[in-house]
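Beneath this line is the structure, given in C-alpha cells, with notes to follow.
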Amino acid sequence: MTTPEKLKKDENKHEEPNLKGTFVSVMLLGAFLVLSWVGVFILFIGR
Amino acid sequence: MHLHKYEKIWLSFGIGSLVVFLLVLGYGAFWQGTHPQSHGITIDSDNVESNEAFKQENLGVTKVDDDKYIVNIVASAFNYDMGKDEEGNAVKTIRIPKGATVLWQVVTKDVVHGFNVAGTNVNMMVEPGYISSIETEMKQAGEFTIVCNEYCGVGHHMMYGTVEVYE
Amino acid sequence: MAIKNLREKINVSEAVGSLPIQKPEAKLYMSFMYVAFISLLIGGLMGLLQVFVRSGKFTLPWGIDYYQVLTVHGVILGLVLTTYFIIGFHFSVMGKTVGISEKQRKVAWFAFWTMVVGTVMTAVTILLGEASVLYTFYAPLRAHPAFYIGLALVIIGSWVAGFVNWHQLAVWKKKHPGEKSPLLAFMVTINTVMWFIASLGVAIAVLIQFIPWSLGWAETINVLVSRTLFWYFGHPLVYFWLLPAYMAWYAIIPKIIGGKIFSDSLARMSFVLFLFFSIPVGFHHQLTEPGIDPTWKFIQVVLTMMVVIPSLMTAFSLFATFEITGRRKGFKGLFGWLKHLPWKDVRFLAPFIGMLAFIPGGAGGIINASHQMNSLVHNTIWVTGHFHLTVATTVMLTFFGISYWLVPHLTGRTLTPKLNKLGIIQSIVWTIGMSIMSGAMHIQGLLGGPRRSSFSEYGGTEQASEWIGYQMAQAVGGTILFIGIILMVYIFVKLAWFAPKGHEEFPIAEEEDDAEPTPSYFENWKLWIAITIALILFAYTIPFIDIIQNSPAGSVPFDWPIGRY
C-alpha cells in the first residue's frame, strides 16, 4: 500500500518540490475547461 | 529544461483535451459538413437581382420539397427585405414547420450586416459581394428573432425580423 | 502593520539586479500613465452610458448617438488605455532592468508625442461624430480621414517605443557579453516584436486601403481584405494586452509574496510560444464570414488551440510558485499554502483576482475559437462578456495591481496602509460588478442577444423581452464597475500627487540560488522571429491569395449609415 506519507518521502528523494496542491488545482482548472466546452457543445448540437 | 512530473501530466491532460476538442470539431466539420458558412460565392452587390434567387419575387420563403425550404433575404441599412405578401405588404415573419430543412441565403446591397436567427445556429456575417448561406434543420418550435448582429450604422438595432417555427 | 514591516524588510534587499530610476525617466514613464488613467475615466463613463441606454430606461441627451459612445468606449479603453499603460510599463521595467540612455529617452518622448497627436486627432473626429465606425473599422462604412491618420500615428508611435526597447536590450547585451538577458527585458522584447509584426497588418490596411479610400483617391475598398488584415492584427492585439499581465505574474508577483521565480526557462518558453501562436490565428474572428475557405479557417483554429498551451504552462507555474513559497514558510497539507498568501496586500490581491478571472475567460476563449461552434456565440453579447473577463478583469486588475507600486515608485511616494485598504475595496467592487455584468452578458449571449447594439425590442418578440432583464443586470453591474473606476482614479491621483513622500519598492523576483541554468538558445532572436514569420506565411499565404483572386467588385464608401452627410 502506498500511503500519502510514503509518496511524499519518495518525492523528497527525487529532490522535486512537493506540488500536490498545484497538481490538484490545475486539474480542477482543467476539469472546468472541459466541462464548459462540453456544455456549450451540447447546446450547439441541440440547436 | 526540466519539467516537474506533475507538470508533464498536466500538460499531457491539457493538450490531450485540446486534441479531443479538435477531433470532435474536425469530424463534424469535414465528415458531417457542419463547417461554419464559407462558400465564397460572389454577387454584384449593386445589382443583387442579377442573381435569380434575389429577384424581388423570389425573396422570402419558398417551399421546394416536402420539408425543404429556401429563404432568400436582401439586407440593407437598416432592413431585411423578405419579399411582399399577397396584399403587397412587406413580409416581416417567416413561417416554417418544425423539423423542416431550410437553406438560408442572405446578401447585402450596401454595408456589412449580420444575420442571426437568435437561439439557433444560423449565424452569418453578410458582406458586400458575397452570398451568405447555410442549411439547417429547424429542430425546435417557437418564435425566433432575426437580429442584425453586426454593426451597420445608426439604425443597426432597428434591423430585425421574426421566424415562426410551428408544430 | 505586518505588511508594512514585511515590505520594509524586502526594501533592504531590493538593490540586487535593479537599476535606480532617475527623475527625468520617471517623468517619461508617468506621462504614459497619466494618459492611461484619463482614458480609464472617460472610457468608463462611456461604458456607464452604454449599460444605461441598453437597460431601456435612459436615453442619451443632446442627440448623442449610442454608437458614437460605443466607439469612444472601444477606442479609448481597447486602444488608448491599454497601449499607453503597456508602453509605460514596458519602459519602466526596461529602465529598471537594463537601463535607458539619454538619447533613448529622447526618442521615447518622440514616440509619446507622436502617439498623443494621433490620439487627439482620433478623439476629435470621434467626438464630432465623424467616425462612429467602432474600433474594428467596418469598411465600407467610412469615417473621416483624420480618424485613420490618427490611428496610424498611434501605431507608428508605438513602434518607435518598441524600437527603443530593442535598442535598450541590445546596448545592455553588448555590455554584458554571454549573460542571459534579464527575464523582464526578454519578455518586453517578445511583446514588442509580436506587436510590431502584428500591427504591420493593420498599418497596411490603414495606409494602403483606408486612407486613400477615405480621401476619395481610391474609389472602392476590398472589404474582406481589410477585415482579414484587421484580424491578422486583432488577435495578437489581445495578447499584447495579456503579456504584460503575464510579466507581472511570472516576474513580479513571486517577489511580492516573498518567493522566487518557479522556472526562468519555462517563463521564457511560454513567451516564445506566445510569439509563435498569437499571430497566425486571426481567422477565428472571421469564422462566420462568407469568403474564406473553411479548411483554412480550421487550420487557424488548430493554431489557436496551440496558443492555449503557454497559458496552461503559466497556470502551473503560478500555482507552483504559491505552493513552494507557502511550504517553505511551513504551511502544510494539500492547500495549506494558500494561507500564506498576502491577501491583505493589494499588490497581490488585485492581480490574483485577475488570474482567477482568466479561468472562465480562457474557457470562453476556447469555446469562441471552436470553428462551427462559434456560430452559437458569434457577435452575441457572450463575446462582450468574454473580453470583459479577459481584458477588463484579468488584464485590468493586474495593471491596477502594478499601479499600486509603480506609480508611487515613480513619484517618490508610498502606498499607505489606507490606500492599500482602499485598493482592496476597489478590487472587491470590481469583482462584484464584473461578475454581475459579465455573467449576465454570457447568459444573454447564449440566448442569442446581440452585441454592439443599442436598446431595441426587436418588434416585441418574447425572446427579445427576455434579453431586457439581463440588460438590466448589466446596468447594475456596470454601475458598480463605474464606482470601481472612480475609486481607482482617486487612488491614482493620491499616489501621483498626494501620498506621503518615501520609497516604494519596485518588486522584481529572483531565481532560486540553485536554479537550473536557462539554456542560451533562448537568446536566439533570429530563430524565434524566423519561426514566427514561417507560421504566419503558412497560415495566411494560400487563403490570402485565394481571397484576392476570388474577390467581388470593391465597395464604394458609405457615409450616411453612421450619420455623416
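Naming: A, B, ... by sequence-line order, numbering from 1 per chain. Everything numeric in this text was worked out from a predicted model, so none of it was measured.
For chain B, the option among Ile381(C), Asp293(C), Thr295(C) with the highest count of heavy-atom pairs below 4.5 Å is Thr295(C). By number of non-hydrogen pairs under 4.5 angstrom with chain B, the leading residue of Pro519(C), Ser454(C), Gly449(C) is Ser454(C). Listed options Met305(C), Arg227(C), Glu289(C) were ranked by heavy-atom pairs under 4.5 angstrom with chain B; first place goes to Glu289(C). Of the listed residues Pro294(C), Gly554(C), Gly291(C), Ala553(C), the one with more heavy-atom pairs under 4.5 angstrom with chain B than any other is Pro294(C). Note: Gln372(C) leads Gln68(C), Met269(C), Met313(C), Gln372(C) in heavy-atom pairs under 4.5 Å with chain B. No other option in Pro128(B), Gly114(B), Gly14(B) has as many heavy-atom pairs under 4.5 Å with chain C as Pro128(B). When the candidates Thr34(B), Val117(B), Val112(B) are compared by the number of heavy-atom contacts under 4.5 Å with chain C, Thr34(B) comes out ahead. Among Met125(B), His2(B), His39(B), the residue with the largest count of heavy-atom pairs under 4.5 Å with chain C is Met125(B). If you tally non-hydrogen atom pairs under 4.5 Å between each of Thr120(B), Ile134(B), Thr42(B) and chain C, the highest count goes to Thr42(B). Contact tally against chain B (heavy-atom pairs below 4.5 Å) for Asn374(C), Asn550(C), Leu266(C), Val223(C): the top residue is Leu266(C).
Formation of a donor-acceptor pair under 3.5 Å by the Tyr151(B) side chain with backbone atoms of Ser132(C) is found in this model. In terms of modelled atom types and a separation under 3.5 Å, the side chain of Gln37(B) and the main chain of Thr288(C) share a donor-acceptor contact. In this structure, the side chain of Thr145(B) does not engage the main chain of Gln463(C) through any donor-acceptor pair within 3.5 Å. Judged purely by atom type and a 3.5 angstrom limit, Glu150(B) has no side-chain atom pairing as donor or acceptor with the backbone of Asn379(C). Of the possible polar contacts, none joining the Trp10(B) side chain to the Ala315(C) backbone as a donor-acceptor pair under 3.5 Å is found. No donor-acceptor distance shorter than 3.5 angstrom exists from the side chain of Glu127(B) to the backbone of Leu224(C), with no hydrogens or angles considered.
The contact list for residues 45-81 of chain B toward chain C, using heavy atoms and a distance under 4.5 Å, reads Ala77(B), Phe78(B) by residue number.
Minimum heavy-atom separation, Gly153(B) to Leu141(C): N-CD1, 4.4 Å. Shortest non-hydrogen contact noted between Ala118(B) and Gly448(C) is CB-O, 3.8 Å. Contact detail for Val154(B) and Gly563(C): the closest heavy-atom pair is CG1-N, 4.3 Å. Among all heavy-atom pairs drawn from Asn123(B) and Val377(C), the shortest one is ND2-C, 4.4 Å. Here the closest heavy-atom approach between residue Tyr130(B) and residue Pro290(C) is recorded as CB-CG, 3.6 Å. Counting all heavy atoms, side chain and backbone alike, His378(C) lies closest to Asn149(B) at O-ND2, 3.4 Å.
Proximity to chain B is limited to the side chain of Ile366(C), based on heavy atoms less than 4.5 angstrom apart. In this structure, the portions of Leu25(B) lying under 4.5 Å from any heavy atom of chain C include both its backbone and its side chain. In this structure, the portion of Ser555(C) lying under 4.5 Å from any heavy atom of chain B is its side chain and not its backbone. There is no contact between Val556(C) and chain B, counting heavy-atom distances below 4.5 Å. For a residue to count as touching a neighbouring chain, one of its non-hydrogen atoms must lie under 4.5 Å from one of that chain's; by this rule Ile131(B) touches chain C with the backbone only. In this structure, the portion of Ile292(C) lying under 4.5 Å from any heavy atom of chain B is its backbone and not its side chain. In this structure, chain B has a heavy atom under 4.5 Å from the backbone of Phe455(C), while its side chain stays farther away. There is no contact between Phe319(C) and chain B, counting heavy-atom distances below 4.5 Å. Using a 4.5 Å cut-off between heavy atoms, Trp467(C) touches chain B through its side chain atoms alone. Contact of Ala320(C) with chain B is not made at all, since no heavy-atom distance falls under 4.5 Å. Only the side chain of Asn116(B) comes within less than 4.5 Å of a heavy atom in chain C; its backbone stays farther off.
The closest side-chain heavy-atom distance from Tyr458(C) to Thr162(B) is not below 4.5 Å. Two residues are said to be in side-chain contact when any heavy atoms from C-beta on lie closer than 4.5 Å; Val301(C) and Phe21(B) fail this criterion. By the 4.5 Å heavy-atom criterion applied to side chains, Val308(C) and Ile15(B) are not counted as neighbours.
The neighbour count for Tyr166(B) OH, taken as heavy atoms of other residues, nucleotides or ligands under 6.0 Å away, is above 12. Heavy-atom contacts from other residues, nucleotides or ligands closer than 6.0 Å to NZ of Lys180(C) number more than 12. Within a 6.0 Å radius of CD in Glu219(C), no more than 12 heavy atoms belonging to other residues, nucleotides or ligands are found. When the shell of 6.0 Å around CD of Glu457(C) is examined, it contains 12 or fewer heavy atoms from other residues, nucleotides or ligands.
Using cut-offs of 30° and 60° for the angle between ring planes, the His371(C) and His35(B) rings count as perpendicular.
For an aromatic pair to be called close, the ring centres must be under 6.0 Å apart, and Phe316(C) with Tyr6(B) fails this.
Checking Tyr67(C) against His157(B) by side-chain atom types alone, a donor-acceptor pair falls below 3.5 Å. Checked by atom type, the side-chain pair Thr461(C)/Glu143(B) shows no donor-acceptor distance below 3.5 Å.
To the nearest 0.5 Å, atoms SG (Cys152(B)) and CZ (Arg452(C)) are separated by 11.5 Å. The structure places OG of Ser263(C) at 8.0 Å from CG of Leu3(B), a figure rounded to the nearest 0.5 Å. From Ser317(C), atom OG reaches atom CD of Glu7(B) across 5.5 Å, with rounding to the nearest 0.5 Å.
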